[in-house]
Amino acid sequence: MNNADIAWMLVATALVLLMTPALALFYGGLVRSKNSLNTMMMSFASLGFVGVGWALVGYSLAFGPGNLWLGDLSRAMLRGVGLEPSGSIPHLLFAAFQCTFAIITVALISGAIVERMRFGPYLAFLTLWGIFVYAPLAHWVWGGGWLAKLGILDFAGGTVVHVNAAAAALVAALVLGPRKDFARQAILPHNVPFTLLGAGLLWFGWFGFNAGSALGANASAALAFCNTMLAPAATLVVWILLDLSRTGRATAVGAATGIVVGLVAVTPAAGYVSPLSAILLGAVAAFPSYFALLWRARTRLDDSLDVVAAHGLGGTVGALLTGVLAERAWNGGAAAGALFGEPRRVLVQAAGVVAAIAFSAGGTFAILKLVGLFAPLRAGVREEGLGLDVTQHGEEGYTRGEGAILVLPDPAPAGVGLPAPLSAESGSA
Amino acid sequence: MNNADIAWMLVATALVLLMTPALALFYGGLVRSKNSLNTMMMSFASLGFVGVGWALVGYSLAFGPGNLWLGDLSRAMLRGVGLEPSGSIPHLLFAAFQCTFAIITVALISGAIVERMRFGPYLAFLTLWGIFVYAPLAHWVWGGGWLAKLGILDFAGGTVVHVNAAAAALVAALVLGPRKDFARQAILPHNVPFTLLGAGLLWFGWFGFNAGSALGANASAALAFCNTMLAPAATLVVWILLDLSRTGRATAVGAATGIVVGLVAVTPAAGYVSPLSAILLGAVAAFPSYFALLWRARTRLDDSLDVVAAHGLGGTVGALLTGVLAERAWNGGAAAGALFGEPRRVLVQAAGVVAAIAFSAGGTFAILKLVGLFAPLRAGVREEGLGLDVTQHGEEGYTRGEGAILVLPDPAPAGVGLPAPLSAESGSA
Amino acid sequence: MNNADIAWMLVATALVLLMTPALALFYGGLVRSKNSLNTMMMSFASLGFVGVGWALVGYSLAFGPGNLWLGDLSRAMLRGVGLEPSGSIPHLLFAAFQCTFAIITVALISGAIVERMRFGPYLAFLTLWGIFVYAPLAHWVWGGGWLAKLGILDFAGGTVVHVNAAAAALVAALVLGPRKDFARQAILPHNVPFTLLGAGLLWFGWFGFNAGSALGANASAALAFCNTMLAPAATLVVWILLDLSRTGRATAVGAATGIVVGLVAVTPAAGYVSPLSAILLGAVAAFPSYFALLWRARTRLDDSLDVVAAHGLGGTVGALLTGVLAERAWNGGAAAGALFGEPRRVLVQAAGVVAAIAFSAGGTFAILKLVGLFAPLRAGVREEGLGLDVTQHGEEGYTRGEGAILVLPDPAPAGVGLPAPLSAESGSA
Amino acid sequence: MKLVVAIVRPEKLGEVLESLYRAEVRGLTIHRVQGHGGEMERVETYRGTTVKMDLSDKVRLEIGVSDHFVEPTVKAILDSARTGDVGDGKIFVLPVEKVYRIRTAEEDQAAVTPVS
Amino acid sequence: MKLVVAIVRPEKLGEVLESLYRAEVRGLTIHRVQGHGGEMERVETYRGTTVKMDLSDKVRLEIGVSDHFVEPTVKAILDSARTGDVGDGKIFVLPVEKVYRIRTAEEDQAAVTPVS
Amino acid sequence: MKLVVAIVRPEKLGEVLESLYRAEVRGLTIHRVQGHGGEMERVETYRGTTVKMDLSDKVRLEIGVSDHFVEPTVKAILDSARTGDVGDGKIFVLPVEKVYRIRTAEEDQAAVTPVS
Ligand SMILES: Nc1ncnc2c1ncn2[C@@H]1O[C@H](COP(=O)(O)OP(=O)(O)O)[C@@H](O)[C@H]1O
Ligand SMILES: Nc1ncnc2c1ncn2[C@@H]1O[C@H](COP(=O)(O)OP(=O)(O)O)[C@@H](O)[C@H]1O
Ligand SMILES: Nc1ncnc2c1ncn2[C@@H]1O[C@H](COP(=O)(O)OP(=O)(O)O)[C@@H](O)[C@H]1O
């Protein structure tokens, strides 16, 4: 084991874990204040349910030996996952690092279905999805599955995380249907500074995501790190210029979105392409997402926070361009893209994307339908009107306490009541 | 010295430092907006006063040679604390790491006494407490004191930090007495998204707290890290399920609380127990805190942000379960708990908790009474009504500037006035 | 190459990158809500435009061989900047680390000109400034330029970053002129909790800034780290005491400001002075900035968020005191200050500050005038009245959606419309 | 001159405004209020604290109109703000003694005629 | 029909509402306002900027009542909102010409009678 | 007794308050509102969603004055709130039947006389 690699992977894991609260903030700012808590809780819940699910089953399905399609249950309940080395770090740390990926992937989906899904069914959905959709796909690409054998390049999860989440998001948005106000009323972000801060924290966390995927503090991590800085910078520049050229005004929501798109796009490529290619990739990736966002709003598809446009398209562009721009000189001889002599790469990449979409869409549909058998997925119209914070969580994001009447509980039974203050300070004004 | 250990401990220290602003946010969101700044300042002040106090005196009292009860003053003003190794990292870095623990511990107490304590006396209290309560207790457990000799297991401060802070919180809440509106009016959190973000940042920082307590980038750190991820995840799951089963609605404030409770509970155990035990421990720890929170609100005890229920009970459960679940196979042979052959352990753990409570309660009471001799501790009723932001800090958290009349200062004396703008751009519209 | 140094520098770079969103929050909280997004975007834009500019040209001008005054273009477009070692880390990582410095420096300037500058011209200004002012000055001090030869001590950028940004801020404030409401109406911070959180995140990021400037996980980093903790703690204590002694009330905005001033002041000194000196330096640095802030408000200088008082004075005090307090025993024999035998040091430090001010002021003036030839720099009076969020970005920070009328786009052309929801769940209440 | 004061549901505001524009009402002022009426209370829980929220969010519109305009204005609101559930709100018509348009210091009638 | 408009201290709102319910007032609308009267100003400081805040937070209640209900309503407020210190607020009683209940389009009297 | 209700631009509030103080008006209540009148709409864009914002921020002042005080009060507002651009706002003068000062339960006239 290598101490330095451990040091870096500890940090990287913490950084990826932070991405989920950051996503909660990013998404939370984009919805109406009456749904702010529900939206944030959709991400926070993943920290619990997917985290525990990963330890109990998910890790084994993804990284247990198994076959080309699925890991086995030999690692269930973290059996045999201890402090012995896996590569140059403790096996357990590797499992923890991968756990944070599962958590954030599931949380990403929620962006498509905010402001309308009942929370109980959502919990069931996210737990099942983390185990039955995320884990198998992770196995295909990173756990020695068939896509790995095909030679897919996915440095940090363009396909496993982003394309996967986006396909699920699309299906979930279709299954749930649009919000009642969608395309009828203006639905505006209630706190754009939250969204900007969320984007900033996501970027910060993403360094752990991409550079941590090198699994050590080595040159590959340095390359992935640097690309994770440059690609979104380029996307941001292009996004702002597109905004300016289209309307003359550079939006802050757009800037936050551009950063995320650039981060998504560089995810599969981070450790495979040169820094200059990363800039190019980031710049190119702005276009499809930018115009897809505009186009989506004209359709009946209520992918509310545009998971498909940002993560689906960003992830696809990233995956394909990885197959174009990968350079052996930069990735330690691992692989070359179409531009550098291996045109076949792009096809493998495309196959990966298509497979991920198909599997994820199917699995998502099945899980939603299954959960829907037991309880309605959608909040009622009136609940949607009141907001999901009150109806699902019994709380409001921001209260001033006006007109709130304290429901006095029965006083604690005699004997257990606490003594009156010991002091005479009170009310000394 | 080991470079990699230095790298990790630099990061861990920064992470723990971040916990104090995160706590400020967590607490700040839970109070009424008229007290938001005061509440946040109660944590931020600790960064200054306890930080400096630690360098000047606290570190020496805690980690100076001394006797079983207290360190001596040989390290006061950081004398002899330089770049020479302490373990595998520079001594100074060790002192800095420990400093961040002192800071956050004191800040934790403030949750019990928000919205009513005058700020000047609070500053005196926190400075004294950091030196005369925190430092000795740290010495007992980590500085070679009597609890260390007894063999107490406290990986990252369940007793030193959390039980200690909670005991102080209880006493401070009793000494100060309840807020004037307590149990009379509904006192609601003004910004729950802040609280959620605070919980997210606390979790992030807590990786430094627990895994940093391994004092190096080694297998123990990896174990502590992983447990710090799994235990709160389990607590969160249980908390949400408890909420759902009790009221049908999973609260966001509850989720944030559950995360913190899980983090607290795993703190003493982090490097001693297996990951599966950590999940168990996290799940179990949810129950006492959950019901204590409900029960406390029915009493006259205005431990306003429930420091006792979250940190006191969480810390106690964690400390005891460490004595039950510790496994030599996981902690490098350091210690085994009751379940793994050393039933005596639990008694030592219990002794540690009791000692910490007694000492902390006594010390806190003495310091508050002492400070109270010089100035009233409590804001007046009218100040409480107006809010402590205006009355203690002369500011409001959120202003729109309506009806604010600029008090024009006397213009700066002739000669020092700055030249008018150099430009003719102004007002070019 | 040293793995551990790579691990630390990966983290340090991420930390410094986070400072820019943190600054956005810090600044964003201090302005009126109608300008909150514009203010934040002034920082976020730097992440894109300065980041890309650095990769394409800036890095080469700063760290390319060149002469005493400027680097050459041999490293433009990161030519020759690869994974080969530079010191003990990959060259590319070094370039990335330095990139984050350029980004934050430019963002700092924006504090002086918030709430009135048109966004297009601002983008031009910041891009040019990053290349033509920041890069040369970085070359002088860190790239082997004339100030380096003179023996200037600037551990992490007191002169290159803070004095430089402050001089530019002063000129920009003068060129743009005061806001229309300045000194006429009360202009109050709209969200002080954001500012406090921003200060907390800045402190966190600053550990990367200062301790990262050791370029490795070594004793020098540990010293810089510790000083970055203690100096601002001391400044914070003094600031609060000054507030209390002047008005009896310790302000939260003051606390946030004090933290930043302490961080700025310790920046040039971090790896050169003893921890006790750092405390002293932090305490001393509070005074000039504290009183300058008070004084500035009485003048006609609308350096809106007091970049000069905080970063200019803080940076100057830090630079000079570095020349006084540097100790060979602590900095590995690198240099001694006036107090420790080398009185000449202070003069070199002063020369550095003066040179930085002169160059930065001149360059800033030239760039602003140049940009002003192509487009007016200032928003019109009416735009200023409405707020720059609406007029420059077409958005508001916080909306409730009242009276917002959806502009329905032409429906997407037939055939591309998406199918209606697949489900019958909708509206099941 | 009258002042029409209406309390409506926030989710209906869009429709009410549209309906008012169609009725050629060109000037009005609104703000968020909270109302208590026959609506059900909501229960919220924050840790151990349970509260009944017996105020619901509403929007208050204030519209100065000349006398013969009162009827169509009221009608426009009645038509657009109704859901039929308890909580739809109220309209009050208040007498006004004088109106001024600040921009021109015009009085009465003239003050509420659209600019055009 | 009258409209009772009251400006009260926010910290007294709870008691006022209770007192009104006891007086059988079932419908009302409130919102946050800021008032200036004889209260002391607060001084605030933000860096070098010192400001006098001469507006204090208040809550405004608006209650439509039938004529014979005016007295008990006013009394309920007077009784519950008083602290005796400057700044307790004012009550204005305005004439109302017409009231409509939006849900049913009922007019006047009927419009403010509780549902039940 | 009258109630003077004025809608003004937020950026003019400072001047209006000053002007009122100079006119010896000592008591008033204000709050933020949003108004629609002849002002230009603002267009905002959030990702693919484009909206017209046709409400602008305004401040509403409510001032209870005795009859002979109405004129100077209105004048003070008219003088200070005008910019001459569309959107300056309106003033409504409403009749009031009764006023109470809560602190003392004084009625009418006495209720709006400054404390001094
Ligand atoms: N007497 C009243 N005075 C002022 N506002 C009222 C009055 N009665 C009702 N309202 C307002 O109208 C809203 C709906 O009234 P409510 O009586 O619940 O419904 P409905 O009119 O459908 O019976 C309340 O929330 C409140 O804002
Ligand atoms: N003439 C007035 N018109 C409207 N509101 C008023 C008037 N006078 C006072 N108020 C409101 O009543 C509140 C308290 O009034 P004030 O005169 O300070 O106290 P008191 O009524 O106890 O003398 C003020 O803050 C303001 O909101
Ligand atoms: N009829 C009205 N009733 C209530 N408020 C009105 C009315 N007309 C205008 N207002 C308010 O006055 C503001 C300015 O009115 P507007 O007609 O745009 O300007 P002007 O008075 O300069 O022509 C509006 O934003 C609105 O708040």
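Residue numbers begin at 1 in each chain, while the letters A, B, ... track the order of the sequences.
Both the backbone and the side chain of C:W330 come within contact range of chain B, with heavy atoms under 4.5 Å apart. Using a 4.5 Å cut-off between heavy atoms, C:N191 touches chain B through backbone and side chain atoms alike. Interface remark: C:R179 contributes no atoms to any contact with chain B (heavy atom separation under 4.5 Å). Using a 4.5 Å cut-off between heavy atoms, C:L244 touches chain B through its side chain atoms alone. Both the backbone and the side chain of C:L196 have a heavy atom closer than 4.5 Å to some heavy atom of chain B. When heavy atoms are compared at a cutoff of 4.5 Å, C:D302 does not approach chain B at all. Contacts of C:V253 with chain B are made by both backbone and side-chain atoms, with heavy-atom separations under 4.5 Å. Only the side chain of C:I259 comes within less than 4.5 Å of a heavy atom of chain B; its backbone N, CA, C and O stay farther away.
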Compile the donor-acceptor pairs under 3.5 Å between side chains in residues 3-20 of chain B and protein atoms, sequence neighbours left out, one pair per line.
unit_1	atom_1	unit_2	atom_2	d
B:N3	ND2	C:D5	OD1	3.4
B:D5	OD1	A:N3	ND2	3.4
B:D5	OD1	B:A217	N	2.7
B:D5	OD2	B:S88	OG	2.6
B:W8	NE1	B:A211	O	3.3
B:T13	OG1	B:M9	O	2.6

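Ranking C:G205, C:P189, C:S33 against chain B, the residue ahead of the rest is C:P189, based on heavy-atom pairs under 4.5 Å.
Remark: the backbone N or O of C:A250 is paired with a side-chain donor or acceptor of B:H393 at under 3.5 angstrom.
In this structure B:S74 satisfies the side chain to side chain donor-acceptor pair (under 3.5 Å) test together with B:D72, sequence neighbours excluded.
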